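Working notes for the structure below.
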There are 2 protein chains.
Amino acid sequence: MKKNRDQTTEQRILEAAEKLFYERGYAMTHTTDIAREVGCNQALVHYYFRTKERLFESFFENKIKLFIGALANSGNDETDFESKLRKKIEAHYDIIRKHPRLPFLLFNELSTNSKKISEYKAKLGETPALLLESFDRELKEQAQKGNIIEINALDLIATIISLNAIMFIAAPVFKALSNSTEKNYEKILDRRKDFNVDIVLKYLKPIQ
Amino acid sequence: MKKNRDQTTEQRILEAAEKLFYERGYAMTHTTDIAREVGCNQALVHYYFRTKERLFESFFENKIKLFIGALANSGNDETDFESKLRKKIEAHYDIIRKHPRLPFLLFNELSTNSKKISEYKAKLGETPALLLESFDRELKEQAQKGNIIEINALDLIATIISLNAIMFIAAPVFKALSNSTEKNYEKILDRRKDFNVDIVLKYLKPIQ
DNA sequence: GCAGAAATTAATAGCTCTATTAAATAAGTC
DNA sequence: GACTTATTTAATAGAGCTATTAATTTCTGC
């Protein structure tokens, strides 16, 4: 246990946990596995994080922020609404591509653990609701200007998230279905980003 | 253990398992829980299904067929391509609404268990690939006729599946985010079916 | 280099879960 | 009703998991 690749043991445990939680989810990842992955004693995992639950929380919160942040914070410097939206979709897609198992884990934890929803709701307070409202207003404005059709924020966000996540959530299925090698599938993923932007923007475009 | 509501014990076990597997997934559902749900001894679960794994398989296969079948078999009697596609999307959406946890479970099992992919690939043989090919041909035909833009089958299927699944996969999040009561969310789900048809058909429509 | 703090390990208690086995009960069958 | 088979239960082996504790090693400042 001295492979000190410039990382503290705590960091290495967190990383190993991250990897395994992504791969197998919470229930199927054991502190024993994490220790084995790191190459340390299993008690050490508990020494640093006390419980498996806390360890999980440690990385889960960051990931949620990453996921939401991509949509909320990207493209806000664009003046043109279409460019702004495009940037948001692309940034969100890029984050997911970097963390392909993230959407899945996110939906999983938030839907099997209904406590967590209320926890995060309490923790985040009014912020999400306010963001949603302000996005709703923006969409209404843009619709009145005739730039887009009428749509509510939730529908649009759901659409973006689903389109961006699907190729990763269902990757094994699609890979098998299309007889894709890893490289081939990477190409499919490249294309898909533009596809998603196109489908959203085309839907929003008022009939000419 | 004599509440014989016209069902065999085996069926009742399978149903209880179904319910719990949907709610909690494979790992978090225990044969003990299933027995408690049924109101029988835990050993009985093993008596009928031998292992938890086999019990899981027993219902999982049916569900996969349900999911794929909705897309593959609906609307095929329509002559008009657009109507056909509309029917497929709607049927698929309806199945998911009836089994809201199905997409999630499906993606989960197929992505954590890469063995299963090859298993199903072996079991289903060429059928999926052939279906995909024939759908690809049909899309090319329709594109040549000028009825739709060019698109490959995988992209289209991925789009439909993702749009149809998102409101269910992310239901707890969206419910919390929109401050929806159960009834309110049902209304959102009603609307969403048409929304999904619209967004797909609008994307496919050639620019006029 | 030594005392005290931090990091790490070995060992294990205490649970929980799956699966099996043997015994008990219920349900046919002739 | 006796015999056979099917269903159900109680008990438990055996494995694996989390978390804790106490002991050991490594590090740090003086």
Side-chain angles (χ1 to χ4, degrees), chain A residues 1-61 105 108-109 112-116 119, chain B residues 1-61 105 108-109 112-116 119:
Chain A
M1 255 302 308
K2 238 142 287 147
K3 325 161 189 175
N4 203 352
R5 323 166 199 131
D6 306 312
Q7 279 182 37
T8 77
T9 308
E10 191 174 348
Q11 284 175 320
R12 278 162 51 220
I13 290 174
L14 197 60
E15 267 179 34
E18 202 169 306
K19 185 189 159 198
L20 293 179
F21 282 142
Y22 270 149
E23 276 173 15
R24 314 180 191 172
Y26 180 79
M28 302 270 272
T29 300
H30 312 296
T31 51
T32 318
D33 302 334
I34 296 170
R36 191 180 315 123
E37 179 83 19
V38 175
C40 74
N41 189 286
Q42 174 258 356
L44 206 56
V45 177
H46 291 274
Y47 172 74
Y48 282 111
F49 295 93
R50 192 151 183 79
T51 68
K52 183 179 156 186
E53 182 84 18
R54 276 157 171 272
L55 172 55
F56 185 79
E57 291 304 326
S58 289
F59 101 103
F60 191 56
E61 248 190 84
L105 196 74
N108 189 19
E109 293 312 316
T112 44
N113 235 320
S114 58
K115 296 166 220 163
K116 273 190 192 143
E119 260 179 56
Chain B
M1 256 302 308
K2 240 143 285 150
K3 324 162 188 173
N4 203 352
R5 324 167 201 131
D6 306 312
Q7 278 183 39
T8 78
T9 308
E10 190 174 349
Q11 283 175 321
R12 278 162 53 219
I13 290 174
L14 196 60
E15 267 179 34
E18 201 168 307
K19 185 188 159 198
L20 293 179
F21 282 141
Y22 270 148
E23 275 173 18
R24 314 180 191 172
Y26 181 79
M28 302 271 272
T29 301
H30 314 297
T31 51
T32 318
D33 303 333
I34 297 169
R36 191 182 315 122
E37 179 82 19
V38 174
C40 73
N41 189 286
Q42 175 257 357
L44 205 57
V45 176
H46 291 274
Y47 171 75
Y48 281 111
F49 295 92
R50 193 151 182 79
T51 68
K52 183 179 157 187
E53 183 85 18
R54 278 157 172 270
L55 172 55
F56 185 79
E57 291 305 326
S58 288
F59 102 102
F60 191 56
E61 248 191 84
L105 196 75
N108 189 20
E109 292 311 316
T112 43
N113 235 319
S114 58
K115 297 166 221 164
K116 271 188 194 145
E119 259 179 56

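Numbered from 1 within each chain, the chains take letters A, B, ... in sequence-line order. All figures in this text were calculated on a predicted structure; none of them were measured in a lab.
Atoms CD (B/Gln42) and C1' (D/dT12) sit 11 Å apart, rounded to a whole Å. If you measure from atom NZ of B/Lys52 to atom C1' of C/dC17, you get 8 Å, rounded to the nearest angstrom. If you measure from atom NE2 of B/His46 to atom P of C/dT21, you get 13 Å, rounded to the nearest angstrom. The distance between atom CG of B/Asp33 and atom C1' of C/dC15, rounded to the nearest whole Å, is 15 Å. One atom, CG of A/Leu55, and another, C1' of D/dC17, lie 15 Å apart when rounded to the nearest Å. The nearest whole Å value for the distance from the CZ atom in A/Arg54 to the P atom in D/dT18 is 16 Å.
At a threshold of 4.5 Å between non-hydrogen side-chain atoms, the residues A/Arg50 and A/His46 do not count as touching.
Every salt bridge (Lys or Arg N to Asp or Glu O under 4.0 Å) that B/Arg24 has, sequence neighbours left out, goes to B/Asp33. In this view, B/Glu57 and B/Lys116 satisfy the salt bridge (Lys or Arg N to Asp or Glu O under 4.0 Å) rule, not counting sequence neighbours. Residues passing the ring pair (Phe, Tyr, Trp, His ring centres under 6.0 Å) test with A/Phe56 are A/Phe21, A/Tyr26, A/Phe59, A/Phe60, sequence neighbours excluded.
Remark on the helix from C/dG1-D/dC30 to C/dC30-D/dG1: inter-end axis angle 10°, axes from five-pair C1' superpositions, rounded to 10°.
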Check the interface with nucleotides 5-7 of chain D: list each N/O to N/O pair with the protein under 3.5 Å, or write none.
residue, atom, partner, partner atom, Å
D/dT7, OP2, B/Tyr47, OH, 3.2

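Residues from residues 18-31 of chain B placing a heavy atom under 4.0 Å of any atom in DNA chain D do not occur.
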